[in-house]
S.K.: 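Sharing a structure, written as structure tokens. Questions coming.
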Amino acid sequence: MYVVKSPLSDADLKVVSEALQGALVDLVDLSLVAKQIHWNVVGPRFRSVHLQLDEVVDTARLHSDTVAERASTLGVSPDGRAATVAQTSGISGVPEGWVKDVDAVRTLVDALGAVITRMRERVEATGEADPVSQDIFIGITADLEKHHWMFQAENG
Ligand SMILES: [Fe+2]
């Protein structure tokens with residue numbers, strides 16, 4: 001069912017919609033991973049890491065909405081269902097239970113790194129197909145890389 005007419009050609013739309021859908025699941029999963037660790041972190045640096053994780057949650061939630069609504073804007077139905085996220089996220093799973101602060105930070109460095117790598121690939125992939133969507137990916141990448149820097153500095 002097509003409700004919203006896309007301004008893009010079918011070929012360009014295919015490239016951009018795959019990039020937006022991939023970004024959506026990565027960002028939803030990043031928000032879940034960061035919350036999971038926010039609740040489970042323990043150790044001497046609990047307070048700072050606990051609060052820092054919620055900043056990642058805020059960024060991931062904000063930008064998951066940005067990319068989902070960009071997809072809708074282009075006439076593509078976004079899929080943020082739990083099963084879809086579980087099957088297609090680029091983030092490795094997080095073990096259950098308490099997480100030492102140093103491991104929590106390491107987990108976030110890895111998770112952010114994985115999402116950033118895929119987001120930069122989306123920047124590359126969408127430049128010609130749709131520079132407007134590419135601009136969104138660039139902005140998201142900048143925000144994620146700032147978080148990535150701060151978590152790397154935590155364990156420096
Ligand atoms: Fe909280």
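Start at 1 and go down the list; that is how both ligands and their atoms are numbered. Just the heavy atoms: all of them, side chains too, but no hydrogens, waters or symmetry mates, feed the values below.
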S.K.: Got a sec, which hydrophobics cluster with Val57, joining ILVMFWY side chains under 4.5 Å apart, including via others?
M.R.: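 Reading the cluster by chain and number, Val57 sits alone, since nothing else belongs.
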S.K.: Salt bridge check, Asp130 against Arg70: does any charged N sit closer than 4.0 Å to a carboxylate O?
M.R.: yes
S.K.: Kindly write out the residues that satisfy side chain to side chain donor-acceptor pair (under 3.5 Å) with Thr84, not counting sequence neighbours, or none if the list is empty.
M.R.: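 Once residues adjacent in sequence are excluded, the partners of Thr84 under the side chain to side chain donor-acceptor pair (under 3.5 Å) criterion are Asp79.
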S.K.: Look at Glu55 together with Lys146 and state whether they make a salt bridge at an N to O cut-off of under 4.0 Å.
M.R.: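 Salt bridge: no.
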S.K.: Just by modelled atom types, is the Val109 backbone N or O under 3.5 Å from a matching donor or acceptor in the His148 side chain?
M.R.: yes
S.K.: Pull up every protein N/O/S atom sitting under 2.8 Å from the Fe ion (ligand 1), skipping waters.
M.R.: His38 NE2
S.K.: Any pair with a residue in residues 23-33 that passes side chain to side chain donor-acceptor pair (under 3.5 Å), sequence neighbours left out, goes on the list, sorted by first then second residue, please.
M.R.: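 Sorted result for residues 23-33: Asp26-Arg118, Asp26-Arg122, Asp29-Ser89.
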